[in-house]
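Report on the structure given below.
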Amino acid sequence: MTEMPTGHGPQSTDLATVTYVHGAGPATDTSPAGAAPALGGKTDTTDRAAVVESARRVLEGTVTPAPAVVEKPDVDLDAFDDRPLIPAWAKTAEGWAMYSGVVYRSRLRAYRRWVRRQRTDRGHLAQFKRGTRRVQDWVTGFEGIQTQALAHQAYVAAKEARGAARAARYTPALLKNKKQTAVMEADRTQTVAMQAVAAHKKAKHYRRKLRALRAGAAYGPPLAAITGGYMEAGAFGASAGLLATFSGGAFAGRHVVTEETDWSADWRSLGDGDPMSAPMLDEVFRHAKVIGSDESLHMVQMPMLDARGAWSAVIDLPPGIPAKKAMRAISEIASALGVDDAQVNMVKTKGKGARSGRLEIFVAKELPFTEKPEPGPLLALEAAANFWGRIAIGPDVRGLPISISVVERSGLVGGEPGAGKSASGNVILLAAALDPRVILWLADGKAGGDLEPYRELCEYFEGDADPEAFYEMLKAAVADMRARYALLKKLGKRKVTEELANKYPLLRQKLLWVDELMFYTTDDDFGKKITKLLRNLVSRGRAAGIVTFCATQKPGADVVDTSLRDLLSIRWALRCTTPEASDTILGKGAAGAGYSAKTIEPEMRGAGLLWAEGANPVLTRADYYSDEEVELLCKRAYALREEAGTLPDGPRTLADQLRDKGEADADVLAVLVDVFNAYDQDAKQDDANGEVDWLPGSVLVDALKAAGLEVTPEKLGRLVVREADEKKKRAWQDSTSALNGFPLAAVLRAVQSKYGLTA
C-alpha cells in the first residue's frame, strides 16, 4: 500500500516511507526473481515501480507467508540447582512488602491463638502448675505410706508392751506360774516394740534420704540456674533462670492427665471422666446386682457419644432377666456409674426388634434440663395452630422433640409447688389459643394471674377461685355436652371430627382447663358435686369434642376421687417429694418400675415424666414461654380469632340465655328479669345502695303487654309460684293502697327450677 503524494502538483514525486506486507515487497538485486523481501523490508520513497509491484501482488493474492523464525535462548539448564525459581517481582520492594505482610498476619494469628490458649488447661501457666505438682509428687514418693504403716505398728507394739509390763508388775508373786508367764510376755512384747520402733526410725531415715536426693535432682538445677544467672548477669540473668525454670515446669505438665492422682483404676467410672465401654457396663450392672458375677451384657449397639455430650448404648440383659429389674435399680446403676440419678435414663426399646430384656441406656455427662431452654416453637408460628393435630410439648432427655395428640383425651398435670405446672401448662393452653376454632373454658383455683392473659379469649372464665361459680360452670359444660350429643344423634354420627367441627359451630373443639383442682374438690359444700360433674364430663365429653385438663399439686384420693383420676388418660408428673406422690399421678407401681418423679432435681424446672403415648413415661421438659412471650402470643391469638370471627361475645345475661331457649315461658321470664333490672338500675341512680326486689303484678303485666306478650295475672301466678309469705301485699310508690306483686326471688326460683339457669 502507498500513501498519497505530499506535493501540490503533478510534477511532485515525493512519497512517504512504505512498509510492505510480508511477501509483497519489491524485488532486489540480492533476491531471486519474483521473491519477496523479508517482513519489515523498506524501499526508497522514489521507487514508484516497486510500490506498484507490491500493490499488485497484494491484490492478486500471491503473497506467501515467510517461515517463522524462532530464536532459541542461549540458556544452560544445568546451571540451576534444586531450589524453585523466585519471580523477579518478589525481589522488588512491593514483593518484599507483600511477603512481609503475609508473615506478619500469620504471626499475628498465631499470637492470638496463643492468647486464647492461655485461658484453658492447655495454657502455659496451667502446664507449669501441673508440672510443679507432678514434680512435688515425685519428690514425695511412696515411702511415706510404708513409714506410716511402720509407725502404726510401733504404736500398737508399744501399747501392747506397756500393757504386758503393767500386767507383769501387778501379778501377785504368790502366783508363780502366772507371774512367770506375765514376765516372759512383757519381755517378748518389749523386744517386739523395740524392733518396731527401730524399723520405724530406719524407714523415716530412708524416706528423708530419698526425698533429699529427689529434691536435689528436681530443685537443684532451677536454683543453680537462677543463682548462676544472677551472679553472672544480675537481674537479667536471674530472669533468664526463672524463664528456664518456668519452661521446664511447663514441659513437665504439658499433658493433661486427669487420673494422675487416682491409683484405684478398678473403681474408676463414667463420673471420673472415663469413656463408657462394654466392660464398664458389665461391672456397673454387676455392682448394681442386676446380673450375676459370672454374667455379662450383650451389646446390641456399642456405647457412643452424641453431639450433646451424652453416652448411649442398647443392651440385652442375660436370658431370664427382665428390663424392669434394671429399671428398678436405676439408683444403684447411677451410683456405679458415678453420676446422679437424674443423669441416667433407661427405657425399653420400641418398634421392630423390641424385646423384654432389651434396654436403651442414656447417661448425660451433666445434669439434664439445667441449661437455658430454647425458644418455644409457637413463637415462630406464622399461621394459626391446629389443635386437632399434634401438640409440641418439648424435648426429651436426648434432645428429641416430643409431641402428643389430645383428641378424645383428657389429662392430669401434677407436682409439688414450684415444679413448673403453670409454665408447663402454657404449651397446651397456647396451642389451643392459637387455634381460633377452639373454645376456651378456664378455671383458676389459685385466683392468681397465671391464666389472666387468656381471659379475653375465653368464652367462660372463672378466676376468683369460687367453688360455687365453678360448679355452675361445670353445669353449663354438661348442658353443652348434651346439646352436642343431640346434634350428633340428629346427624347420625358417633363422635365429633375435625370436619364436623368446621361445619357446625356447636361442635367446635372445647378445652376445659382447671388449675389447682384441689381447691374445688375439697370444698365442703360443692366438692362432691364438682367431682360428680367432672367425672361425667371427662367420661362422656371426649367424643363430644370436649378436652379436659386438670392441674393440682398432689392428686391423691382425698383431692381427686380415683374414679375421676383413672379416667384422665394423659399423665404428666413434674417434680415430687416422694415416690408415693409420683405414683398418685402416674399410677400405682410406676415408681417401683423405675419411673419416679422424685428423681427429678429442683434445678430441672419444668421437667417431668410424661405418660401420653406408648407403654412407658418419657422424661420431658416443657417448652418455656416467658410472661412477655405469653402475652405476645395471646395478642396474636386474639387477632386470629378476630379475623376468623370466633371471639367470645362476653358474658351473656340471664335474659339472653332465656330467650335462647325459644319457648313462650322462657320469653315471659326473660321480660320479667329485664323489668327487674331496669327498676333496679333506676333505684341505684337515686341511691347507690338502693335495689328493687319486689314489683307489683300490674307493672309486670303491663311490661309483658308492651313486649307483645298477652299474659294474664292468673297465668303469671301459675308460672311464677310464690310462697305464702311472698303473697303479702305491699305499698308501691304513690299508690294509696297495698298491691299484689311478685318478688325477684320467686322469679329467679322459677327460672332455675324450669331451665336450670341462675343469675
Side-chain angles (χ1 to χ4, degrees), residues 127-228 241 245-246 248-269 271-274 279 283 286-287 289 293 335-336 338:
Q127 293 182 16
F128 179 74
K129 290 181 179 179
R130 287 195 300 270
T132 53
R133 186 176 67 251
R134 292 171 185 173
V135 170
Q136 179 60 32
D137 291 341
W138 178 72
V139 170
T140 302
F142 302 99
E143 293 79 17
I145 300 174
Q146 183 181 6
T147 304
Q148 186 177 4
L150 291 175
H152 180 69
Q153 293 177 6
Y155 170 78
V156 173
K159 186 176 181 180
E160 291 179 354
R162 285 194 298 270
R166 190 179 300 108
R169 179 178 180 183
Y170 291 105
T171 300
L174 296 175
L175 304 175
K176 294 183 179 180
N177 293 335
K178 289 186 176 182
K179 182 72 172 179
Q180 185 178 4
T181 303
V183 171
M184 292 175 62
E185 181 65 19
D187 293 341
R188 187 190 67 80
T189 54
Q190 185 177 7
T191 302
V192 172
M194 293 176 64
Q195 292 175 352
V197 170
H200 177 229
K201 290 182 178 180
K202 183 178 179 181
K204 288 174 63 178
H205 176 72
Y206 181 72
R207 182 190 63 182
R208 286 194 299 267
K209 180 180 178 181
L210 287 183
R211 284 186 179 179
L213 291 175
R214 287 195 291 261
Y219 302 127
L223 291 176
I226 296 172
T227 305
T245 303
F246 182 83
F251 179 80
R254 65 189 184 282
H255 294 302
V256 180
V257 183
T258 56
E259 66 273 13
E260 57 184 302
T261 57
D262 188 357
W263 303 101
S264 55
D266 294 340
W267 291 96
R268 292 189 55 78
S269 63
D272 297 320
D274 285 5
E283 289 298 322
R286 291 187 189 112
H287 289 312
K289 307 299 183 184
S293 58
S335 175

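Computed from heavy atoms alone, side chains included, the values below leave out hydrogens, waters and symmetry copies.
Side chain of Arg134 to main chain of Gly131: no donor-acceptor pair is present (N/O by atom type, distance under 3.5 Å, no hydrogens or angles). Counting only distance, with no hydrogens or angles, the side chain of Thr227 and the backbone of Ala224 share no donor-acceptor pair below 3.5 Å.
Contacts of Arg188 classified as side chain to side chain contact (heavy atoms under 4.5 Å, CB included), with partners at least two apart in sequence or in another chain: Glu185, Val192.
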Return a table of donor-acceptor pairs under 3.5 angstrom between the side chains of residues 163-183 and protein atoms on other chains or two or more places apart.
residue: Thr171; atom: OG1; partner: Ala167; partner atom: O; Å: 2.4
residue: Lys179; atom: NZ; partner: Ala168; partner atom: O; Å: 2.6
residue: Lys179; atom: NZ; partner: Thr171; partner atom: O; Å: 3.1
residue: Thr181; atom: OG1; partner: Asn177; partner atom: O; Å: 2.9

Would you mind writing out the side-chain donor-acceptor pairs for residues 196-220 within the sub-3.5 Å range, not counting sequence neighbours?
residue: Arg211; atom: NE; partner: Thr140; partner atom: O; Å: 3.1
residue: Arg214; atom: NE; partner: Trp138; partner atom: O; Å: 2.9
residue: Arg214; atom: NE; partner: Val139; partner atom: O; Å: 3.2
residue: Arg214; atom: NH2; partner: Val139; partner atom: O; Å: 3.4
residue: Arg214; atom: NH2; partner: Glu143; partner atom: OE1; Å: 2.8
residue: Tyr219; atom: OH; partner: Gln136; partner atom: OE1; Å: 2.5

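Under a cut-off of 6.0 angstrom, the local environment of CD in Gln146 is sparse, with at most 12 non-hydrogen atoms contributed by other residues, nucleotides or ligands.
Taken to the nearest 0.5 Å, the NE2 atom of His287 stands 11.0 Å off from the OG atom of Ser293.
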